[in-house]
Every structure is written in structure tokens, then in C-alpha cells.
Amino acid sequence: MNASPSPSVPPAGSAGPDVLRTLLERSIPAVMGVLNVTPDSFSDGGEFVAPEQALARARAMIEAGVDIIDIGAESTRPYKGARPVTAEDELARLKPVLAGVVALGVPVSIDSMKAEVVAFALDQGAAIANDVWGLQRDAGMAPLVAARGVPVIVMHNRDDADPAIDIITDMKTFFLRSLDIAAKAGIARDKIVLDPGIGFGKTAEQSMTALARLREFEMFGLPILVGASRKRFIASVSPSEPKERLAGSIAAHLIAAQRGAKIIRTHDVAETLQALRVANAIEGKQ
């Protein structure tokens with residue numbers, strides 16, 4: 001069931017309607033912290049399902065300096081194995097915790113591909129919609145985002161990885177399609193962030209190619225978000241389990257920042273923020 005956008009509802013947002021512009025004015029990329037209230041996410045599934053655990057995690061990220069908290073109630077793990085859930089399941093996981101996280105005062109994004117779930121989250125004060133299918137999976141998503149006037153993260157995705165394709169061409173085509181959907185729905189261009197979807201529908205090689213050639217997406221004139229945190233491509237270079245990939249995650253995120261990423265999505269807020277600050281300080285001495 002798709003949510004029907006309601007123009008009578010004022011724009012949501014725990015940090016006001018200009019939350020995205022404020023974040024992008026930073027001298028270093030904004031840091032988005034991952035909060036999975038799911039039992040099966042690839043890295044931390046089950047750790048923060050209980051409301052008290054989720055709130056403690058959110059408070060810890062805020063203390064570490066997080067700029068955005070990205071909350072998701074359906075595992076969208078970037079390789080096979082995720083179990084789809086209904087909107088009712090997502091809402092049941094979100095309802096006990098979302099308002100409490102929003103009340104902490106840091107901008108909250110809702111990581112969902114379902115318009116019904118995003119509508120609920122915006123009603124609760126979430127500030128940003130994060131759609132891992134780039135407005136292309138739920139026909140109600142783009143009209144909802146347009147009606148509410150909130151920023152939206154448009155992520156590239158594929159149902160299956162295909163090592164034979166030119167992944168950069170595929171991503172550009174996907175983004176053009178998403179931007180056309182956004183324009184037809186009336187989403188303001190300055191409300192859109194692009195996400196290359198590292199690991200999603202990509203081989204390890206393709207994920208690394210997307211990071212290496214990130215500047216090619218400057219053709220769209222839109223801010224880029226990169227979430228390489230703990231992704232499997234790291235293990236293709238240095239065999240490791242998800243929680244053993246901090247160094248690889250930071251390496252990927254520093255390269256993304258050097259190539260123009262404006263938002264970094266991570267499980268490890270304090271460490272990522274320290275790395276970004278130190279790199280920025282060093283660059284400033286040139």
C-alpha cells in the first residue's frame with residue numbers, strides 16, 4: 001500500500017526545511033550514522049532492535065559528533081540474503097523508537113523504499129528520505145517527497161550484479177531516470193542527493209570502480225553521499241568480517257571525500273569523523 005501525499009501536512013524535519021543546505025556548508029563531509037533497528041542487517045543485525053538499545057546507540061553517535069542519524073527497519077544488505085518485510089513490519093519496529101531518536105535533536109533520515117513508511121517517519125519529525133531504490137521501486141515515493149518538501153537521497157541499485165556491464169554507464173542511466181521521475185513529481189533539484197550505492201547490485205570490482213571514478217557524477221551538479229562502511233568489497237582486498245573492516249572503510253571514505261563526496265554514511269562515527277578532520281587539517285597546510 002502506497003502512502004498518499006498530503007499537502008496539508010507541513011514539511012517535516014527535525015532540523016527545519018533547510019537541513020540539507022546547512023549540512024553541505026560544512027568544510028568536511030557531513031557524517032551520517034547508521035542505526036539499524038533490524039534483526040538481520042549484515043553488520044549489526046539485532047544489536048539495536050530494542051528501543052533502549054537503539055536510543056543508547058543514537059546518543060552515543062551524537063556524543064561522537066554525528067550530523068545525521070539514518071534509521072532503517074528493513075535490512076537492505078547489499079548482497080543476497082536480505083529478507084523483505086512488509087510496511088507493517090517496518091512500522092512495528094520504528095514506532096517504539098523513532099520519536100525518541102528525533103527528540104534527541106539531530107537530523108534524522110528514514111532509510112526505506114516504501115512510501116508508507118517514509119510518510120510515517122516524516123510525520124514523526126524525520127528530516128530526510130533515503131530511498132535505496134532511487135524513487136524507482138515505489139510509485140508513491142516521489143509524489144510524497146515532493147509534497148513534503150524534504151531532501152531525498154537517491155541511491156543506485158540493481159537486482160543483480162552483472163560483471164559484464166559498464167557500471168558507470170549503468171549508474172548514470174539510472175540516475176537520469178530517477179531525476180526524471182523527481183522532476184515530473186515536482187521535487188526541487190536542490191533537495192536531491194545522489195548515492196552510488198556501493199555494494200548494491202555491484203561486484204567488488206564495480207564498487208571500487210564507482211569510488212575511483214566518483215567525480216564523473218559531478219555531471220549532475222548534485223551532492224554525493226557515499227556509504228562504503230564495512231562493505232564486502234573491502235574483504236575482497238583484505239579478507240575480513242564486517243566488524244573487522246574499520247580501516248578499509250575509512251580508506252574508502254577518505255578517497256570518496258577527496259573525490260567530492262559531501263556526506264559519508266558510516267557505522268563508525270567517531271573514527272570516521274576523526275579521519276575526515278585530520279585529512280582536512282593536513283590538506284589545509286598545502
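Heavy atoms only: backbone and side chains are in, while hydrogens, waters and symmetry mates are out. Position 1 is the first residue of the sequence; numbering continues from there.
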Side-chain heavy atoms under 4.5 angstrom apart, residues restricted to Ile, Leu, Val, Met, Phe, Trp, Tyr: same cluster for [X] and [Y]?
X	Y	result
Val101	Leu91	yes
Ile28	Val278	no
Leu276	Ile255	no
Leu24	Ile128	yes

For the student: nearest non-hydrogen atoms of [X] and [Y], plus distance:
X	Y	result
Ile234	Ala228	CD1-O, 3.8 Å
Glu90	Val85	CG-CG2, 3.7 Å
Ala139	Pro143	O-CD, 3.3 Å
Met113	Val132	CE-CG2, 3.8 Å
Met155	Phe200	CE-CG, 3.3 Å
Ala119	Leu144	N-CD2, 3.6 Å

side-chain contact (heavy atoms from CB on, under 4.5 Å) between Ile264 and Thr272, intermediate numbers included: CA-CA 9 Å; Ile264 299 296; Thr272 302; 3.9 Å; yes

Ignoring hydrogens and geometry, is there a side-chain-to-backbone donor-acceptor pair from [X] to [Y] under 3.5 Å?
X	Y	value
Ser207	Ile198	no
Asn36	Thr38	no
Asp18	Arg21	no

Pair Asp111-Arg265, side-chain contact (heavy atoms from CB on, under 4.5 Å): steps then yes or no: CA-CA 12 Å; Asp111 181 352; Arg265 183 180 185 273; 3.3 Å; yes

Gap between atom [atom2] of [Y] and atom [atom1] of [X] - 0.5 Å precision:
X	Y	atom1	atom2	value
Asp160	Arg158	CG	CZ	7.5 Å
Trp133	Lys114	CH2	NZ	13.0 Å
Leu135	Ile153	CG	CD1	11.0 Å
Asp70	Asn130	CG	CG	4.5 Å
Ile110	Leu98	CD1	CG	6.0 Å
Leu20	Glu25	CG	CD	10.0 Å

Side-chain ion pair, Asp89 and Arg93, N-O less than 4.0 Å: no

Lys/Arg-Asp/Glu bridge criterion (N-O < 4.0 Å) met for Asp268, Arg245: no

Taking the side chain as every heavy atom from C-beta outward, state whether [X] and [Y] have any pair of such atoms under 4.5 Å apart.
X	Y	answer
Pro151	Val19	yes
Leu194	Met171	no
Asn280	Ser27	yes
Val97	Ile71	yes
Val150	Val145	yes

Lys202/Phe233 under side-chain contact (heavy atoms from CB on, under 4.5 Å): CA gap, chis, key distance, verdict: CA-CA 9 Å; Lys202 300 172 185 66; Phe233 80 89; over 6 Å; no

Which residues share a side chain to side chain contact (heavy atoms under 4.5 Å, CB included) with Glu283, sequence neighbours left out: Gln286

With a 3.5 Å cut-off and sequence neighbours excluded, list the donor-acceptor pairs that the side chains of residues 58-69 form with protein atoms.
residue : atom : partner : partner atom : Å
Asp67   : OD1  : Arg26   : NH1          : 2.4
Asp67   : OD2  : Arg26   : NH1          : 2.6
Asp67   : OD2  : Val31   : N            : 2.8

Taking only distance into account, with no hydrogens and no angle test, what donor-acceptor pairs under 3.5 Å do side-chain atoms of residues 208-227 form with protein atoms, sequence neighbours excluded?
residue : atom : partner : partner atom : Å
Thr209  : OG1  : Glu205  : O            : 3.0
Arg213  : NE   : Glu216  : OE2          : 2.5
Arg213  : NH2  : Glu216  : OE1          : 3.3
Arg213  : NH2  : Glu216  : OE2          : 3.0
Arg215  : NH1  : Glu218  : OE2          : 2.4
Arg215  : NH2  : Gln258  : O            : 2.7
Glu216  : OE1  : Lys172  : NZ           : 3.0

Donor + acceptor pair across side chains of Ser178, Gln136 (<3.5 Å): yes

Polar contact flag, side-chain donor to acceptor under 3.5 angstrom, Lys243-His267: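 Note: Lys243 and His267 side chains miss the donor-acceptor criterion.
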
From CA spacing to verdict: side-chain contact (heavy atoms from CB on, under 4.5 Å), Asp123, Arg148: CA-CA 10 Å; Asp123 287 343; Arg148 301 300 184 91; 3.0 Å; yes

Glu52, CD atom: more than 12 neighbouring heavy atoms under 6.0 Å: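 It does: Glu52 CD has more than 12 such atoms within range.
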
